[in-house]
A.B. asks: 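Below is a structure I'd like to ask you about.
If you read the sequence from its start, that first residue is 1, and numbering goes on from there.
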Amino acid sequence: MPRALAAAGAIGAMAAGLLGGAAPTAAATPDNGGRDVVLNLFQWTWDAVAAECASTIGDAGFGYVQVSPPAEHIQGDTWWTSYQPVSYQVESKLGTRAEFANMVQTCNGVGVEVIADAVINHTTGAGQSGYGTAGSWYAEDDFPVYSAQDFNDCRENIDDYTDRWEVQHCRLVGLQDLRTSSEYVQQTIADYLDDLVSLGVAGFRIDASKHVPAADLEAIKSRMVNSDVYWVHEVIGAAGEPITEDEYLGSGDSHEFDYARQLKHDFDGQIANLRYIGDNKLPSDRAGVFVSNHDTERNGESMSYQWGAKYTLANTFMLSWPYGSPTVYSGYEFSDFDAGAPGATADSVADAECDSGQWTCEQRWDEIQGMVGFHNTVGDAEVTRWWDDGGNHIAYGRGDKGYVAINNNGYEASRTYTSDLPAGEYCDVIASGDCTQTVTVAADGTFTATLPAYGALALHVGAPGGTTTDPGDGEETADVSVSVQAETTWGQDVRIVGDQGELGNWDPAAGVVLSADGYPQWTGAVDLPAGTTFEYKYVKYDGGTAVWESGDNRVATVGSDGSLALSDTWRG
């Protein structure tokens, strides 16, 4: 079931200047009719996933649902029993093979495709024996499809993560490590994955990829009948370790764990830094991104639902910023690291109930649904008109299709924002799901709004209930072209600031950020009404520190025909 890679997520040349680096390319996940957002329903039964696809997920605009591992596994009521396979039968505590097949068919019927979590690095913990969830007997070197020769010779736990061989050939927390260099093991795994594809699965999240040599994974995929199926790898990179995410791009994309780590760092610090979140990470078209997953929410590596409003803001940013392919995580509340899903027993899990207060059900939040719609609407539109206050209030557009403002402060924030949106009445898709709160955008793209403490606003064209007018209606405006030659130091950008709202009203943090594509020439555009006389200067800006050019204010007037081109040199 081949899928073309989505074009969503590309940023144009203007964004490259805003971000201080090369523009990311297209988003990672396969394109499902223009929808590429993944919903990870952790420990949801197959029946519950099917019902949620029909009632919520399809209408909300998700392209994919990621489900927990479907293979037979050890019995137990903890969540991690799902990650200790006994056989490759599709019979787990989350449901039967028939229920799994029905889930895939139901989700596909509403335009949602299924990505399955695949555990292929290991089997069960060493020294264990018993019966799996499908009734299969297993012991340390005795499994329905594997025996002693199918496991690596190293029988010790991984101790040194700076030793590549040890990480990829010894036991991960006591789990029996498969000899993935073996042709038999490779073919057995390939057959299992092909079986799931035959049931309609569209792709796989490959668990614990770091613990399998990249070449072995490429060999496994090449043995599949469906060798072009989508894969995304779990490779938890860390400083000082020799194994990196980009090693695995030969067989699929990789999850970018540093993205989630930076979200946590910046939302606990200054979100103005998020404009650089794509720097020094995987290429955008090969990166899967998330705010949280089942591991990181438990080990504290990322944010989680327990962060409250900030967690919602982080998801808002992820779904509105064009880097990587986003996955929204939906699990359940817990206080015990090992706790299984609500109502779990040794061989079954109760269907998720979003009204119970135990399941987090992010896919039903107005903010998440609104931002999935935003993400699908803006597509690959470039980032425009980035603004920040140097701290925890940021705003940016996605061309003329959308605009987002985020307030990560404990107090409300008001300002007049400048967008590229056509004039009209817009639904704030974060405030509610039924357009009860609207924002009026003027002919020049400006609007005034007050963001609540730890709140956000998101507008996009085409939102149900909103109206827009032709951009030419009302007062005639013009894109004033700006060009200034200025040399900067690392971390600085150049902004044009002046006495108009579009120029930040002399506030450097609110000025128009210029593009460095032609460095040392900085370029950009400003929307100002025809005939406007304005004063302005240039500012070098770095995280709240402003360096103004010398001399008197510059003065210019937009022509009556809307034409004006500024060509200046920095005055030192």
Side-chain angles (χ1 to χ4, degrees), residues 3-32 34-38 40 62-64 66 115 203 205-206 209 230-237 244-263 265-266 271 273-293 302 314-329 371-372 374-384 386 394 396-399 401-402 404 513 515-517:
R3 296 284 172 183
L5 292 180
I11 303 181
M14 183 63 172
L18 292 176
L19 300 178
T25 50
T29 19
D31 178 16
N32 180 12
R35 305 187 303 175
D36 71 335
V37 180
V38 180
N40 178 3
F62 290 95
Y64 299 84
Q66 178 183 313
I115 294 174
R205 173 220 184 236
I206 307 298
S209 292
Y230 176 73
W231 281 17
V232 61
H233 295 285
E234 182 206 24
V235 183
I236 309 175
T244 59
E245 297 96 328
D246 57 0
E247 295 179 33
Y248 292 82
L249 301 183
S251 57
D253 297 334
S254 284
H255 277 131
E256 179 55 88
F257 278 74
D258 278 343
Y259 183 92
R261 293 167 182 149
Q262 184 170 342
L263 286 178
H265 178 272
D266 289 349
I271 62 172
N273 296 326
L274 291 174
R275 64 192 292 198
Y276 306 112
I277 197 166
D279 290 1
N280 303 314
K281 293 182 178 65
L282 290 168
S284 179
D285 63 337
R286 307 306 304 275
V289 296
F290 55 88
V291 177
S292 183
N293 71 17
S302 72
N315 277 282
T316 296
F317 176 81
M318 176 182 70
L319 291 168
S320 62
W321 189 258
Y323 173 81
S325 170
T327 293
V328 174
Y329 175 75
M371 292 312 300
V372 171
F374 181 100
H375 177 92
N376 293 342
T377 299
V378 302
D380 60 357
E382 66 181 16
V383 172
T384 56
W386 171 278
I394 64 174
Y396 47 91
R398 294 295 303 278
K401 294 183 178 181
V404 171
V513 183
S515 168
D517 279 354

A.B. asks: Please enumerate all residues that pass ring pair (Phe, Tyr, Trp, His ring centres under 6.0 Å) together with Tyr396, with sequence neighbours excluded.
C.D. replies: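 Listed in chain order: Trp321, Trp386.
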A.B. asks: Please list, chain by chain and in numerical order, all residues satisfying salt bridge (charged side-chain N to carboxylate O under 4.0 Å, His left out) with Asp266, sequence neighbours excluded.
C.D. replies: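 Asp266 satisfies salt bridge (charged side-chain N to carboxylate O under 4.0 Å, His left out) with no residue once adjacent residues are dropped.
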A.B. asks: Out of the candidates Asn315, Val378, Val404, only one should pair with Ser320 under the side-chain contact (heavy atoms from CB on, under 4.5 Å) rule; please name it.
C.D. replies: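 Between Ser320 and the candidates, side-chain contact (heavy atoms from CB on, under 4.5 Å) is satisfied uniquely by Val404.
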A.B. asks: Are the side chains of Val289 and Leu263 in contact, using a 4.5 Å heavy-atom criterion?
C.D. replies: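 Sidechains of Val289 and Leu263: no contact.
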A.B. asks: Kindly write out the residues that satisfy side-chain hydrogen bond (donor to acceptor under 3.5 Å, both in side chains) with Asn376, not counting sequence neighbours, or none if the list is empty.
C.D. replies: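 For Asn376, no residue satisfies side-chain hydrogen bond (donor to acceptor under 3.5 Å, both in side chains) once neighbours in sequence are set aside.
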A.B. asks: Within a strict 4.5 Å, meaning less than it, do heavy atoms of the Leu319 and Phe374 side chains meet?
C.D. replies: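 Heavy-atom side-chain distance check fails, nothing below 4.5 Å.
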A.B. asks: How about Tyr259 and Phe290: are their ring centres within less than 6.0 Å of each other?
C.D. replies: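 No - the distance between ring centres of Tyr259 and Phe290 does not fall below the 6.0 Å cut-off.
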A.B. asks: Could you tell me whether the side chain of Arg286 and the main chain of Gly324 form a donor-acceptor pair under 3.5 Å?
C.D. replies: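 Checking the backbone N and O of Gly324 against the side chain of Arg286, no donor-acceptor pair under 3.5 Å is found.
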A.B. asks: For Gln66 and Val38, work out which heavy atoms get closest and say how close.
C.D. replies: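 Scanning both residues, the minimum pair turns out to be CB-CG1, 3.9 Å.
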A.B. asks: Which residues pass the side-chain hydrogen bond (donor to acceptor under 3.5 Å, both in side chains) test with Thr316, sequence neighbours left out?
C.D. replies: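 Counting only residues at least two positions away or on another chain, Thr316 forms no side-chain hydrogen bond (donor to acceptor under 3.5 Å, both in side chains).
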A.B. asks: Do Tyr230 and Asp253 come within less than 4.5 Å of each other through their side chains, counting heavy atoms only?
C.D. replies: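 Touching, per the 4.5 Å side-chain cut-off.
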A.B. asks: Tell me every residue that passes side-chain hydrogen bond (donor to acceptor under 3.5 Å, both in side chains) with His255, counting only those two or more places apart in sequence or in another chain.
C.D. replies: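 For His255 there are no side-chain hydrogen bond (donor to acceptor under 3.5 Å, both in side chains) partners, ignoring immediate neighbours.
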A.B. asks: Not counting sequence neighbours, which residues clear side chain to side chain contact (heavy atoms under 4.5 Å, CB included) with Ser209? List them please.
C.D. replies: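 So Ser209 forms a side chain to side chain contact (heavy atoms under 4.5 Å, CB included) with Ile206, Leu217, His233, Val235, Tyr248.
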A.B. asks: Among all residues two or more places apart in sequence or in another chain, which pass the side-chain hydrogen bond (donor to acceptor under 3.5 Å, both in side chains) test with Asn273?
C.D. replies: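 With neighbours one apart ignored, the set is empty.
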A.B. asks: Could you tell me which non-hydrogen atom of Arg398 sits nearest to which non-hydrogen atom of Gly379, and how far apart they are?
C.D. replies: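 Distance-wise, the nearest heavy atoms are NH2-O, 3.0 Å.
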A.B. asks: Considering non-hydrogen atoms only, spot the tightest contact between Met318 and Val328 and give its length.
C.D. replies: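 Heavy atoms of Met318 and Val328 come nearest at CE-CG2, 4.2 Å.
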A.B. asks: For the residue pair Ala381 and Lys401, what are the closest heavy atoms and their distance?
C.D. replies: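 Minimum heavy-atom contact is CB-CD, 4.2 Å.
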A.B. asks: Please report the closest heavy-atom contact between His375 and Val37, naming both atoms and the distance.
C.D. replies: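 Closest heavy-atom pair between His375 and Val37: CD2-CG2, 3.4 Å.
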A.B. asks: Taking the side chain from Ser302 and the backbone from Ala260, do they hold a donor-acceptor pair closer than 3.5 Å?
C.D. replies: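 Checking the backbone N and O of Ala260 against the side chain of Ser302, no donor-acceptor pair under 3.5 Å is found.
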